[in-house]
Amino acid sequence: MAKLAMFGGSRTIDRGSVPAEQIRWPIVTEAEHESARRVFDSGSFTSNSTGGGEVAALEREWAEFVGAPYCAAVSNGTAAIELALAAAGIEPGAEILVPALSFVASAVGAVQRMLVPVFVDIDPVTFAMSPAAAKELITPRTRAILVVHLHGLPADMTAFRELADQHGLLLIEDAAQSHGASYRGQRTGTLGDIATFSLNVVKNLPTCGEGGLITTADPELHRKVVLHRQFGEDLTRRERDYVSRVLAGNAKLSAVQAAFARCQLDRLAEYDAARQVNVRAMFDSLAGLPGLLLPAVPEDRTHAWHILRMRFDPVAMGCPEVAPGALRTILHRALRAEGVPLQQYQLVPLPWQEAFRERAGFGGYPWKLNDVAPVAHRAEDYPVTTAVIEDSLTLQRWHLNPNSGPVLLRCAEAMHKVWENLDTLIPIARSVEHRPPWSEFTEERGEA
Ligand SMILES: *Cc1c(COP(=O)(O)O)cnc(C)c1O
């Protein structure tokens with residue numbers, strides 16, 4: 001049995017020797033260089049609403065790609081969420097359901113519009129918001145559901161559509177991680193009333209920096225998004241009149257970002273196809289590992305594989321007495337030592353992040369609008385979110401590269417090696433004192 005790198009054995013993957021062509025992201029080709037030069041030469045550097053230019057071209061191409069009638073490009077994915085909510089005209093103090101497990105932007109976009117985020121537990125299979133848990137949290141103040149297609153897998157949109165219709169709620173998709181993924185034959189970005197995408201450099205459709213896209217089938221929502229994108233000015237008039245129709249800031253996309261994203265969009269389908277093959281091959285080689293639960297993809301949808309989350313089961317690994325979080329810490333350490341680029345993605349659920357616990361930033365608003373005192377969330381309020389965080393490992397980035405097949409197989413090899421050494425690792429996991437990051441807050445507030 002090979003000695004683990006964490007105990008002085010040789011590493012499975014020497015990160016310094018992994019060819020950059022296999023793991024770099026995003027991939028920049030001559031097309032991107034040319035597109036930037038084209039923008040510099042054109043002298044047109046930002047969004048315009050006249051239908052010409054890189055920004056308008058990106059909007060047309062993205063609308064066509066996802067199958068949405070309208071698309072507006074904006075400055076980033078977080079601004080996209082704010083603008084979608086602004087366009088819907090939801091009043092300050094209204095509640096919006098957001099998943100307890102997501103990138104913080106999903107909830108912060110709502111707070112920026114003075115909406116109160118109500119955190120909902122997730123589904124153990126899709127890792128997206130649970131429709132059943134969401135239903136329980138609807139109140140007379142609820143106005144919207146923000147569903148995140150987490151890690152690139154579409155959420156249960158039929159159930160959310162039904163729920164939204166029953167209660168007259170806006171259904172918004174945060175599709176920042178799911179470019180190109182589809183649900184029952186329709187791409188994300190067409191599954192709710194309005195959808196937001198990020199073009200951040202780490203996403204599946206990256207630009208050379210920051211960007212975002214908003215799609216909808218509703219012409220009125222689209223018109224308002226565009227109004228809110230630039231100071232509330234109506235730019236469909238023949239001449240700009242510098243009169244603001246609504247209070248709004250500046251969330252325009254620059255032409256260089258749009259031109260770069262268009263080049264990436266040209267290759268999105270090809271990269272996605274390669275990713276499907278590479279990720280599947282890696283999972284195939286992991287299929288036999290005892291207690292390892294690979295991500296499930298329900299038959300009615302496709303996965304964009306933005307993040308790979310693998311759960312594990314201490315019972316099936318022969319150590320039912322070990323806390324999953326303790327085992328995760330040791331597996332994480334052992335795999336990192338072997339050269340696997342695991343990341344600690346979102347170890348603290350949103351309700352327990354300091355910003356939301358302390359309501360820091362806007363002097364206690366938007367919560368103060370409703371006179372709602374801080375709630376002490378209990379771990380039992382989010383049983384699936386907390387369980388999933390404790391018993392899973394996440395891989396980001398490398399697999400986005402379409403040439404990452406060989407290095408992903410090396411990652412699988414490292415996992416096999418670590419699993420072969422479970423006998424040495426489990427006693428260590430048993431001896432570490434593990435407390436989940438949220439335990440300190442739940443106890444403290446529980447006693448008060
Ligand atoms: C990245 C991301 C965002 C925010 O996008 P930015 O372009 O970085 O502002 C929002 N939601 C989710 C789920 C994300 O992953």
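Side chains included, hydrogens not; waters and symmetry mates left out as well; all remaining heavy atoms used. Atoms within a ligand are numbered from 1 in the order they appear, just like the ligands themselves. The structure presented is a predicted model; accordingly, all values stated were derived computationally and were not measured.
Among the atoms of Glu210, none of the N or O lies under 3.5 angstrom from an N or O of ligand 1. Residue-to-ligand polar distances keep Ser102 apart from ligand 1: every N/O pair is separated by 3.5 Å or more. Not one N or O of Tyr345 is nearer than 3.5 Å to an N or O of ligand 1, by distance alone.
One finds a salt bridge joining Asp156 and Arg301 here, because a Lys/Arg side-chain nitrogen approaches an Asp/Glu carboxylate oxygen to under 4.0 Å. Ion pairing between a basic and an acidic side chain is recognised when a charged N comes within 4.0 Å of a carboxylate O; Asp381 and Arg378 show such pairing. For the pair Glu59 and Arg229, the salt-bridge criterion is met [side-chain N within less than 4.0 Å of a carboxylate O]. With respect to the salt-bridge test (charged N to carboxylate O, under 4.0 angstrom), the residues Arg267 and Glu32 qualify. Remark: Glu91 does not engage Arg143 in a salt bridge, criterion side-chain N to carboxylate O under 4.0 Å.
In terms of the salt bridge (charged side-chain N to carboxylate O under 4.0 Å, His left out) criterion, Arg24 has no residue partners (sequence neighbours excluded).
Contacts between Ala79 and ligand 1 below 4.0 angstrom, taking non-hydrogen atoms only, are absent altogether. Using a 4.0 Å cut-off between heavy atoms, Asn76 contacts ligand 1 through both its backbone and its side chain. Contact annotation: for Asp174 versus ligand 1, heavy atoms closer than 4.0 Å belong to the side chain alone.
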(request) Applying ring pair (Phe, Tyr, Trp, His ring centres under 6.0 Å), run through Phe231 and Tyr242 and close with a yes or a no. (result) CA-CA 9 Å; Phe231 311 111; Tyr242 291 91; 9.3 Å; no
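Using a 4.0 Å cutoff on heavy atoms, Gly212 does not count as a contact of ligand 1. Residue contact annotation: Lys203 has a non-hydrogen atom under 4.0 Å from ligand 1.
When the heavy atoms of Ala176, Gly77, Ala105, Ala80 are ranked by distance to atom 6 (P) of ligand 1, first place goes to Gly77.
In summary, the atoms of ligand 1 found under 4.0 Å from a heavy atom of Ser106, numbered by their order in the structure, are 11 (N), 13 (C). Ligand-side atoms of ligand 1 in range of Val148: 13 (C), range being under 4.0 angstrom from any heavy atom.
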Would you mind writing out the side-chain donor-acceptor pairs for residues 64-72 within the sub-3.5 Å range, not counting sequence neighbours?
none

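In terms of protein heavy-atom proximity, atom 9 (O) of ligand 1 is closest to Thr78 OG1, 2.5 Å.
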